[in-house]
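Below is one structure, written out as structure tokens; the observations come after it.
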Amino acid sequence: MRAQKTPIHAVSTWVRRQPPKVKAFLAVVSGMAALVLLRFIVHDHDNLFVAAEAVHSIGISVLIYKLMKEKTCAGLSLKSQELTAIFLAVRLYCSFVMEYDIHTLLDLATFLTTLWVIYMIRFNLKSSYMEDKDNFAIYYVVIPCAVLALFIHPSTSHHFLNRIFWAFCVYLEAVSVLPQLRVMQNTKIVEPFTAHYVFALGVARFLSCAHWVLQV
């Protein structure tokens with residue numbers, strides 16, 4: 001006798017069968033619904049930022065465990081790590097000059113671990129780095145983020161340049177995972193640790209963007 005399908009399983013099966021355009025539309029609608037839900041559930045929007053930092057830290061921890069246990073960086077994007085280091089460095093600067101608090105310390109810890117990951121990929125585990133698969137040009141995201149930050153940035157009492165820098169790091173954070181997705185697309189193989197890391201990054205980016213949108 002066949003087991004009866006649960007509603008969740010039936011919905012997930014239906015979604016998997018849909019064409020890419022329908023999946024994209026459903027993702028956008030789900031994201032907007034989640035934003036509305038967070039708007040009414042979370043009263044202190046700073047909690048979203050803390051949650052984003054916590055999830056990002058978990059993702060970095062999974063990545064470090066992979067590098068130390070398997071001694072390989074196959075399937076990982078060095079460019080994603082470099083983009084992460086860039087937006088964290090900019091955000092650290094903004095934290096120091098705008099509002100030094102616990103977020104500064106959390107970002108500093110994440111920044112240092114990201115630099116360690118970059119060092120491991122560039123030097124200790126360089127032989128396993130798939131440079132030919134990591135072919136996403138980072139200026140495709142850095143330049144548009146910089147231009148967007150010039151025109152769309154928060155209206156606060158802080159210095160004009162600092163407001164632009166803060167907007168830049170928010171936009172760059174949202175797209176820093178794109179080179180990693182490109183590597184996964186090129187290799188056609190997704191390792192469990194890499195999948196968990198990318199999932200954690202996706203959740204962290206959504207929470208960070210939700211904090212930004214709800215604050216605005």
Side-chain angles (χ1 to χ4, degrees), residues 27-28 31-32 34-35 38 42 45-64 76-118 121 134 136-154 156 158 161-184 194 196-216:
V28 172
M32 294 176 64
L35 279 176
L38 288 173
V42 181
H45 298 154
D46 284 340
N47 292 333
L48 293 175
F49 195 58
V50 174
E53 291 176 318
V55 175
H56 191 174
S57 299
I58 293 173
I60 288 289
S61 300
V62 170
L63 190 58
I64 291 175
L76 294 179
S77 169
L78 174 61
K79 294 181 179 179
S80 266
Q81 298 303 315
E82 291 173 341
L83 289 176
T84 301
I86 292 173
F87 86 73
L88 284 173
V90 176
R91 195 159 75 184
L92 274 171
Y93 162 77
C94 293
S95 295
F96 277 115
V97 299
M98 295 171 68
E99 45 184 8
Y100 182 85
D101 53 17
I102 186 63
H103 301 295
T104 308
L105 299 178
L106 293 174
D107 280 341
L108 179 60
T110 307
F111 177 65
L112 292 176
T113 53
T114 301
L115 289 181
W116 181 84
V117 171
I118 292 174
I121 296 176
D134 193 12
F136 189 96
I138 60 176
Y139 56 82
Y140 282 161
V141 294
V142 173
I143 295 177
C145 287
V147 174
L148 186 61
L150 285 173
F151 296 98
I152 305 177
H153 49 267
T156 63
H158 301 98
L161 287 178
N162 293 336
R163 286 184 279 143
I164 292 178
F165 284 144
W166 181 261
F168 170 73
C169 72
V170 171
Y171 300 142
L172 189 61
E173 178 184 11
V175 297
S176 61
V177 72
L178 291 180
Q180 179 62 59
L181 296 178
R182 182 62 177 270
V183 170
M184 295 167 65
T194 304
H196 295 156
Y197 168 68
V198 172
F199 176 76
L201 282 188
V203 174
R205 299 301 181 264
F206 173 77
L207 292 173
S208 182
C209 288
H211 170 263
W212 173 265
V213 172
L214 293 178
Q215 286 289 86
V216 172

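At least one side-chain heavy atom of F136 sits under 4.5 Å from a side-chain heavy atom of V141. Between F87 and L83, every side-chain heavy-atom pair lies at or beyond the 4.5 Å cut-off. Between V142 and F168, the closest side-chain pair of non-hydrogen atoms falls below 4.5 Å. Here the side chains of Q81 and L63 are in contact, with some heavy-atom distance below 4.5 Å.
Atom CG of L150 sits about 12.0 Å away from atom CZ of R163, to the nearest 0.5 Å. Of the inter-residue distances, the one linking I121 atom CD1 with K79 atom NZ reads 12.5 Å to the nearest 0.5 angstrom. Expressed to the nearest 0.5 Å, how far CD1 of I64 lies from CD1 of I60 amounts to 6.5 Å. Rounding to the nearest 0.5 Å places OG1 of T110 at 9.0 Å from CG of L92. Considering CZ of R91 and CG of L106, their distance stands at 9.5 Å, rounded to 0.5 Å. For the atom pair OG1 of T113 and CG of L88, the computed distance is 8.0 Å after rounding to the nearest 0.5 Å.
The backbone N or O of C94 lies less than 3.5 Å from no partner atom in the side chain of N162, so there is not a single donor-acceptor pair. In this structure, the side chain of S80 does not engage the main chain of S77 through any donor-acceptor pair within 3.5 Å.
Nearest heavy-atom pair, V55 versus A200, reported as atom, atom and distance to 0.1 Å: CG1-O, 3.1 Å. Closest approach of S176 to P179, counting heavy atoms only: O-CD, 3.4 Å.
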Exercise for the section: Go through the steps for D134 and R182 under the test side chain to side chain contact (heavy atoms under 4.5 Å, CB included), then give the verdict. Expected result: CA-CA 7 Å; D134 193 12; R182 182 62 177 270; over 6 Å; no

